[in-house]
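Fair warning: this is a prediction, and the values are worked out from it, not measured in the lab. Just so you know, these numbers use all the heavy atoms, side chains as well, and skip hydrogens, waters and symmetry mates.
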Amino acid sequence: MKTINKVLTTAVVVASLVACQTPNKEASENASKVTIYVDSIQNLTPEYTAEYWADLDRGYQERVVIIENDMEKLEAEDKAKLEESIAKYNALKASYENNIREKEQAMIVANDYKTNLRNALFGEGAIGTDMAFNYVTSANLHDVYQKFVNTVQDNKDNYSREDWDEIKVLWEALGTRKNAVEKDVPNGDNTKIAGLKVKFGAIKATNRPGTKGEENREAKEKS
């Protein structure tokens with residue numbers, strides 16, 4: 001937002017200078033404001049969000065609506081510059097909107113991918129995007145661990161590096177939940193969970209891409 005405000009301020013200052021240089025030519029001044037603004041936003045580092053683009057577009061529309069009523073008053077050179085700026089803006093708009101759509105689609109795909117993985121590991125709808133594990137209690141903790149480890153065992157050869165990264169995040173989150181409820185977990189379940197943790201560690205060590213390299217690097221750092 002600060003960047004956009006800076007653009008607006010700069011555009012106003014430069015437009016004022018233009019106005020001093022071309023007195024009594026209101027139409028030409030208004031056309032210059034559009035050109036200056038478009039050039040300014042073209043030089044910004046893009047942020048592909050709908051909110052950011054809406055702010056930029058608002059500034060453009062405020063300037064264009066003024067000059068639209070004075071188009072017939074423009075000299076040929078000023079009109080040509082204005083039309084060039086409008087075309088440049090339309091290209092910027094198309095680029096922003098395309099990148100925003102791609103970014104939003106990528107987020108949808110990423111969320112769907114994570115949702116599918118979480119459903120497989122914990123059950124349909126058990127874990128949402130908030131990563132809350134409220135459904136995990138001392139009574140079902142062992143069953144949750146059992147399903148998680150069994151699922152990883154069954155699919156270990158199909159997981160990508162990204163899958164393993166997400167699995168690691170979920171495993172650690174489950175461990176945090178375990179710490180919150182373990183005081184009420186039956187001793188027998190605690191022993192079984194300890195065995196499942198060992199099993200998971202072995203599966204990850206032999207199947208997660210890059211794991212061996214990470215272990216070697218960690219060993220060197222400790223030596």
Side-chain angles (χ1 to χ4, degrees), residues 1 3 45-54 96-223:
M1 187 66 69
T3 302
T45 300
E47 293 182 24
Y48 296 123
T49 65
E51 181 182 7
Y52 184 79
W53 174 249
Y96 264 88
E97 291 179 343
N98 183 60
N99 279 283
I100 290 170
R101 281 195 299 272
E102 290 182 353
K103 183 177 179 181
E104 290 176 344
Q105 184 60 39
M107 290 178 65
I108 291 173
V109 171
N111 287 335
D112 286 346
Y113 144 75
K114 288 185 177 181
T115 297
N116 291 335
L117 185 59
R118 292 173 184 183
N119 286 343
L121 293 168
F122 297 103
E124 190 72 27
I127 300 297
T129 56
D130 58 0
M131 290 285 285
F133 281 75
N134 295 331
Y135 87 100
V136 179
T137 66
S138 58
N140 68 7
L141 183 64
H142 169 258
D143 291 337
V144 174
Y145 266 94
Q146 186 74 66
K147 177 174 177 54
F148 191 106
V149 175
N150 285 349
T151 301
V152 171
Q153 173 65 41
D154 292 341
N155 296 279
K156 63 183 186 299
D157 296 328
N158 301 319
Y159 290 140
S160 66
R161 177 58 184 267
E162 289 72 22
D163 292 330
W164 281 109
D165 289 344
E166 179 67 8
I167 288 168
K168 179 176 181 291
V169 170
L170 295 169
W171 180 258
E172 291 174 351
L174 178 57
T176 298
R177 180 60 178 173
K178 175 183 179 296
N179 293 338
V181 301
E182 66 179 346
K183 62 183 178 66
D184 297 319
V185 175
N187 289 332
D189 282 359
N190 264 324
T191 301
K192 294 175 184 177
I193 291 171
L196 289 169
K197 293 173 74 172
V198 172
K199 182 178 179 180
F200 174 78
I203 296 171
K204 185 180 71 170
T206 55
N207 290 275
R208 182 181 176 220
T211 301
K212 183 56 65 177
E214 292 173 1
E215 290 175 350
N216 291 339
R217 183 171 61 254
E218 290 174 358
K220 290 180 181 179
E221 291 174 352
K222 293 177 180 178
S223 61

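To the nearest 0.5 angstrom, Ile203 atom CD1 is 9.0 Å from Asp154 atom CG. Between Asn99 atom CG and Glu47 atom CD the span is 13.0 Å, to the nearest 0.5 Å. Atom CD1 of Ile127 is separated from atom CG of Asn134 by 8.5 Å, given to the nearest 0.5 angstrom. How far CD of Glu162 is from CG of Leu117: 11.5 Å, rounded to the nearest 0.5 Å.
Across Phe133 and Leu170, no two heavy atoms sit closer than the pair CZ-O, 4.1 Å. Nearest heavy-atom pair across Lys147 and Leu121 is CG-O, 3.5 Å. In plain terms, the two heavy atoms of Pro186 and Ser138 that are nearest each other are CD-O, 4.0 Å. Among all heavy-atom pairs drawn from Thr49 and Ile100, the shortest one is O-CD1, 3.6 Å. Taking both residues in full, the closest heavy atoms of Gly125 and Asn119 are given as N-OD1, 2.9 Å, listed atom of the first, atom of the second, then distance.
The list of ring-ring contact (aromatic ring centres under 6.0 Å, His included) pairs with a residue in residues 160-190, not counting sequence neighbours, reads Tyr145-Trp171, Phe148-Trp171, Tyr159-Trp164, Trp171-Phe200. Applying the salt bridge (charged side-chain N to carboxylate O under 4.0 Å, His left out) rule to pairs touching residues 172-195 yields Lys168-Glu172, Lys178-Glu182, sequence neighbours excluded. Residue pairs satisfying the salt bridge (charged side-chain N to carboxylate O under 4.0 Å, His left out) criterion with at least one member in residues 101-123, sequence neighbours excluded, are listed as follows: Arg118-Glu166.
Between the side chain of Asp163 and the backbone N or O of Ser160, at least one donor-acceptor pair lies under 3.5 Å.
At a threshold of 4.5 Å between non-hydrogen side-chain atoms, the residues Asn140 and Val136 count as touching.
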